[in-house]
**Q** 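Encoded as structure tokens, here's the structure I'll be asking about.
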Amino acid sequence: MKLPSRLTALLALLLAALVPLAGGAVAAETLEFRISRQPSILYLQNVLMEDGKLIEKHAALLGLPGVNVKWILLTSGGPSTEALLADSLDIVTSGTSNMLLVWGKTNGGVKGITAVCGLPLLLYTRNPEVKTIKDFGPKDRIAVPTLQVSMQSTILGMELEKIYGPGGHSKLDALQVQLGHPDAMQSVLNPTHEVNSHFGAPPFTNIALKTPGVHAVLSSIDVLGGPAQITVAFGSQRFVDANPIKIKAFIAAMDEAADIIAKDPKRAAEIYLSVNKEKVTVDELVDIIKAPGALFSATPQRTMLYAEYMNRIGLVKPKAASWKDYFISQIHDRQGS
């Protein structure tokens, strides 16, 4: 499975940039800190971190006051990863599969920094003939955030492999189109649009399923056999090594945001809706946050499921022995998986 040429070129540039400067000392940390997030409650901690200036607070407590955190909203993992490789971002928050892909292509030059969230992803459609993924035909179009490597494409491939055996993971590749969640949802809800299906994320899936004629086809929980991390934060090992205070502050802020969600989900939902003007109520968001199996934690959970699958189909060549192979050492003391 080949990567787009632009991404391949950017990966080559990053590999060159990751070579340490001979005899050079690590420079003092800069105050600029550029981080991406995407639409969806899968990025709830990021919203809370931005709203409460949690990174700035923890950086100041660690002796680095005045950190200027810039949050960049991008609608899918592909552009986010390209921005990281082009040195336009310091940390990307995106799907675990995007992190694993770049980890493999850079020989460990890019690693996960923290986990973020795990919530059920649902594949839904307005096509009444589609009851299972076996029913998709050549006229159907399935929107995913990033072709081939998004969490949605990965999970769909895992289910297809179960059904059709080795090599079956790519059976529906030709039907997939790349759209961010908000645009994908609107496309499915438009009866004249060619995109009639969307492998989405909450709350967009919850909003869409309120519409008559729209129904769910597949849940990530069923494919994975339970909850697992969907989103993670990642960056280059070079940046991590050069910015120990900002990285420590980021991890502490992620932990604090997760604590806010656990202790006061209603407050977390209210903050989210003040930033993301989505057609869902506070109570509906609280139900999503408190759903059985919901994960809001910096500690990775069951990420090896994806690592093993992506290695098996040849998308990630290095074979990870443990989650610690692709996450930075600063969180290795946690009970991850």
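Numbering of residues begins at 1 and proceeds along the displayed sequence. This is a predicted model, so every value here is computed, not measured.
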**Q** Any side-chain heavy atom of Leu31 sitting closer than 4.5 Å to one from Leu64?
**A**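 Yes; the side chains approach each other to less than 4.5 Å.
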**Q** Answer yes or no: is there a donor N or O on one side and an acceptor on the other, between the side chain of Gln301 and the main chain of Gly336, under 3.5 Å?
**A** no
**Q** Just by modelled atom types, is the Arg141 backbone N or O under 3.5 Å from a matching donor or acceptor in the Asn196 side chain?
**A** yes
**Q** Compare every heavy atom of Thr303 with every heavy atom of Leu100, then report the nearest pair and how far apart it is.
**A**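 Taking every non-hydrogen atom into account, CD1-O, 4.5 Å.
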**Q** Quick one: OG on Ser219 to CG on Leu122, what's the gap to the nearest 0.5 Å?
**A**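 Rounded to the nearest 0.5 Å, the OG-CG separation comes out at 5.0 Å.
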**Q** Side-chain contact, heavy-atom cut-off 4.5 Å: Val69 with Glu56?
**A**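 Contact flag for Val69/Glu56 side chains = yes.
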**Q** When you compare the side chain of Ile221 with that of Leu224, does any pair of heavy atoms fall below 4.5 Å?
**A**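 Leu224 does not reach Ile221 side chain to side chain.
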**Q** Looking only at heavy atoms, what is the nearest atom pair of Leu119 and Phe296, with distance?
**A** CD1-CZ, 3.9 Å
**Q** Evaluate the side chain to side chain contact (heavy atoms under 4.5 Å, CB included) criterion for residues Leu101 and Met310: first the C-alpha distance (whole Å), next the side-chain angles of each, then the deciding distance (0.1 Å), finally the verdict.
**A** CA-CA 8 Å; Leu101 176 72; Met310 294 177 76; 4.3 Å; yes
**Q** Between the main-chain N or O of Ala307 and the side-chain N or O of Asn311, is there a donor-acceptor pair closer than 3.5 Å?
**A**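 No; zero donor-acceptor contacts below 3.5 Å.
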**Q** Show the numbers, then the answer: is there a side chain to side chain contact (heavy atoms under 4.5 Å, CB included) between Ile328 and Gln237?
**A** CA-CA 8 Å; Ile328 61 172; Gln237 185 67 57; 4.0 Å; yes
**Q** So, His193 side chain and Leu189 main chain: donor-acceptor pair closer than 3.5 Å or not?
**A** no
**Q** Tell me, with the steps shown, if Val240 and Asn243 meet side chain to side chain contact (heavy atoms under 4.5 Å, CB included).
**A** CA-CA 5 Å; Val240 170; Asn243 295 273; over 6 Å; no
**Q** Is the shortest heavy-atom distance from the side chain of Phe199 to the side chain of Pro145 under 4.5 Å?
**A** no
**Q** Would you confirm whether Lys277, through its side chain, and Ser274, through its main-chain N or O, come within 3.5 Å as a donor-acceptor pair?
**A** yes
**Q** Nearest 0.5 Å, please: how far is OG in Ser337 from CZ in Arg302?
**A** 7.5 Å
**Q** Going by atom type alone, with no hydrogens or angles, which donor-acceptor pairs under 3.5 Å involve a side-chain atom of residues 200-215 and a protein atom two or more places apart or on another chain?
**A**
{"residue": "Lys210", "atom": "NZ", "partner": "Glu284", "partner atom": "OE1", "Å": "3.1"}
{"residue": "Lys210", "atom": "NZ", "partner": "Glu284", "partner atom": "OE2", "Å": "2.9"}
{"residue": "Thr211", "atom": "OG1", "partner": "Ala208", "partner atom": "O", "Å": "3.3"}
{"residue": "His215", "atom": "NE2", "partner": "Val130", "partner atom": "O", "Å": "2.6"}

**Q** Given the rule that I, L, V, M, F, W and Y join up when any side-chain heavy atoms are under 4.5 Å apart, are Ile72 and Val275 in one cluster?
**A** yes
**Q** Taking C-beta and beyond as the side chain, do Leu218 and Glu159 meet within less than 4.5 Å on heavy atoms?
**A**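 Side chain of Leu218 against side chain of Glu159, heavy atoms only: contact under 4.5 Å found.
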**Q** If I take atom CZ from residue Arg34 and atom CG from residue Leu89, how far apart are they, to the nearest 0.5 angstrom?
**A**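 The distance works out to 6.5 Å.
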**Q** Is the side chain of Thr231 donor-acceptor paired with the backbone N or O of Cys117 at a distance under 3.5 Å, no angle test?
**A**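 Yes; at least one donor-acceptor contact below 3.5 Å.
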**Q** For a quick test of reading the model, state the closest non-hydrogen atom pair linking Tyr272 to Ser40 and the distance between them.
**A**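 Here Tyr272 and Ser40 meet closest at OH-C, 3.2 Å.
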**Q** What is the distance from atom CD1 of Ile91 to atom CH2 of Trp71, rounded to the nearest 0.5 Å?
**A**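 The distance works out to 8.0 Å.
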**Q** Compile the donor-acceptor pairs under 3.5 Å between side chains in residues 41-50 and protein atoms, sequence neighbours left out, one pair per line.
**A**
{"residue": "Tyr43", "atom": "OH", "partner": "Gln38", "partner atom": "NE2", "Å": "3.3"}
{"residue": "Gln45", "atom": "NE2", "partner": "Val116", "partner atom": "O", "Å": "2.6"}
{"residue": "Asn46", "atom": "ND2", "partner": "Thr93", "partner atom": "OG1", "Å": "3.0"}

**Q** So, the side chain of Trp103 versus the backbone of Val110: is there a donor-acceptor pair under 3.5 Å, distance only?
**A**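 Judged by distance alone, no pair lies under 3.5 Å.
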**Q** Without placing hydrogens or testing angles, list every side-chain donor-acceptor pair under 3.5 Å for residues 252-267, not counting sequence neighbours.
**A**
{"residue": "Asp255", "atom": "OD1", "partner": "Arg334", "partner atom": "NH1", "Å": "3.0"}
{"residue": "Asp255", "atom": "OD2", "partner": "Arg334", "partner atom": "NH2", "Å": "2.7"}
{"residue": "Glu256", "atom": "OE1", "partner": "Lys57", "partner atom": "NZ", "Å": "2.8"}
{"residue": "Glu256", "atom": "OE1", "partner": "His58", "partner atom": "NE2", "Å": "2.7"}
{"residue": "Glu256", "atom": "OE2", "partner": "Lys57", "partner atom": "NZ", "Å": "2.8"}
{"residue": "Asp259", "atom": "OD2", "partner": "Lys263", "partner atom": "NZ", "Å": "3.1"}
{"residue": "Asp264", "atom": "OD1", "partner": "Arg267", "partner atom": "N", "Å": "3.2"}

**Q** Do Val232 and Ser94 have side chains that approach each other closer than 4.5 Å (heavy atoms only, starting at C-beta)?
**A** no
**Q** Hey, are Arg312 and Glu161 close enough for a salt bridge, meaning a charged N less than 4.0 Å from a carboxylate O?
**A** yes
**Q** Are the side chain of Asp241 and the backbone of Arg238 linked by a donor-acceptor contact shorter than 3.5 Å?
**A**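 Between the backbone of Arg238 and the side chain of Asp241 there is no qualifying donor-acceptor contact (under 3.5 Å).
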**Q** Flag the pair Gln176 / Ser153 as yes when at least one side-chain heavy-atom distance between them is below 4.5 Å, and no otherwise.
**A**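 Contact flag for Gln176/Ser153 side chains = yes.
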**Q** Centroid-to-centroid, His198 to Tyr124, below 6.0 Å?
**A** yes
**Q** Between Lys324 and Asp333 (salt bridge meaning N to carboxylate O under 4.0 Å), is one present in this structure?
**A** no
**Q** Are side-chain heavy atoms of Ile35 and Phe250 found at a separation under 4.5 Å?
**A**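 Heavy-atom side-chain distance check passes, below 4.5 Å.
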**Q** Does the Lys131 side chain pair with the main chain of Pro128, one donor and one acceptor, at a distance under 3.5 Å?
**A** yes
**Q** Could you tell me whether the side chains of Ser97 and Tyr309 share a donor-acceptor contact shorter than 3.5 Å?
**A** no
**Q** Within 45 degrees of the ring normal and closer than 6.0 Å to the centroid, is that where the cationic atom of Lys111 sits relative to Tyr326?
**A** no
**Q** How about Lys162: does its NZ atom have over 12 heavy atoms from other parts shown lying under 6.0 Å from it?
**A** yes
**Q** Nearest 0.5 angstrom please: Ile113 CD1 to Ile247 CD1, how far?
**A**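 Between atom CD1 of Ile113 and atom CD1 of Ile247 there are 4.0 Å.
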**Q** Looking just at side-chain N and O atoms, do Tyr306 and Gln229 make a donor-acceptor pair shorter than 3.5 Å?
**A**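 The answer is no; no qualifying pair exists.
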**Q** Atom CE in Met151, atom CE in Met158: separation rounded to 0.5 Å?
**A** 8.0 Å
**Q** Just checking Phe234 against Phe239, ring centres under 6.0 Å apart?
**A**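 No, ring centres 6.0 Å or more apart.
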**Q** Taking all non-hydrogen atoms of both residues into account, name the closest pair between Val177 and Val195 and its distance.
**A** CG2-CG2, 3.6 Å
**Q** So, does Asn190 use its side chain to make a donor-acceptor pair with the main chain of Gln186 at under 3.5 Å?
**A**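 Answer holds: no.
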**Q** Can you check side chain to side chain contact (heavy atoms under 4.5 Å, CB included) on Ser187 and Leu179, steps first, answer last?
**A** CA-CA 9 Å; Ser187 298; Leu179 281 176; 3.8 Å; yes
**Q** I'd like to know if the side chain of Asn127 pairs up with that of Thr125 as donor and acceptor (distance under 3.5 Å, no hydrogens or angles considered).
**A**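 No, because no side-chain N or O of Asn127 sits under 3.5 Å from a partner of the opposite role on Thr125.
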**Q** Flag yes if Leu295 and Phe327 sit in one hydrophobic cluster, no otherwise; membership is Ile, Leu, Val, Met, Phe, Trp, Tyr, and two members link when side-chain heavy atoms are under 4.5 Å apart.
**A** no
**Q** Measure across Ile163 and Ile133 and return the closest heavy-atom pair with its distance rounded to 0.1 Å.
**A** CD1-CD1, 3.6 Å
**Q** What heavy-atom pair brings Ala294 and Ile288 nearest, and what distance separates the two atoms?
**A** CB-O, 4.1 Å
**Q** Check whether Phe33 and Leu61 end up in the same hydrophobic cluster, where Ile, Leu, Val, Met, Phe, Trp and Tyr are linked by side-chain heavy atoms less than 4.5 Å apart.
**A** no
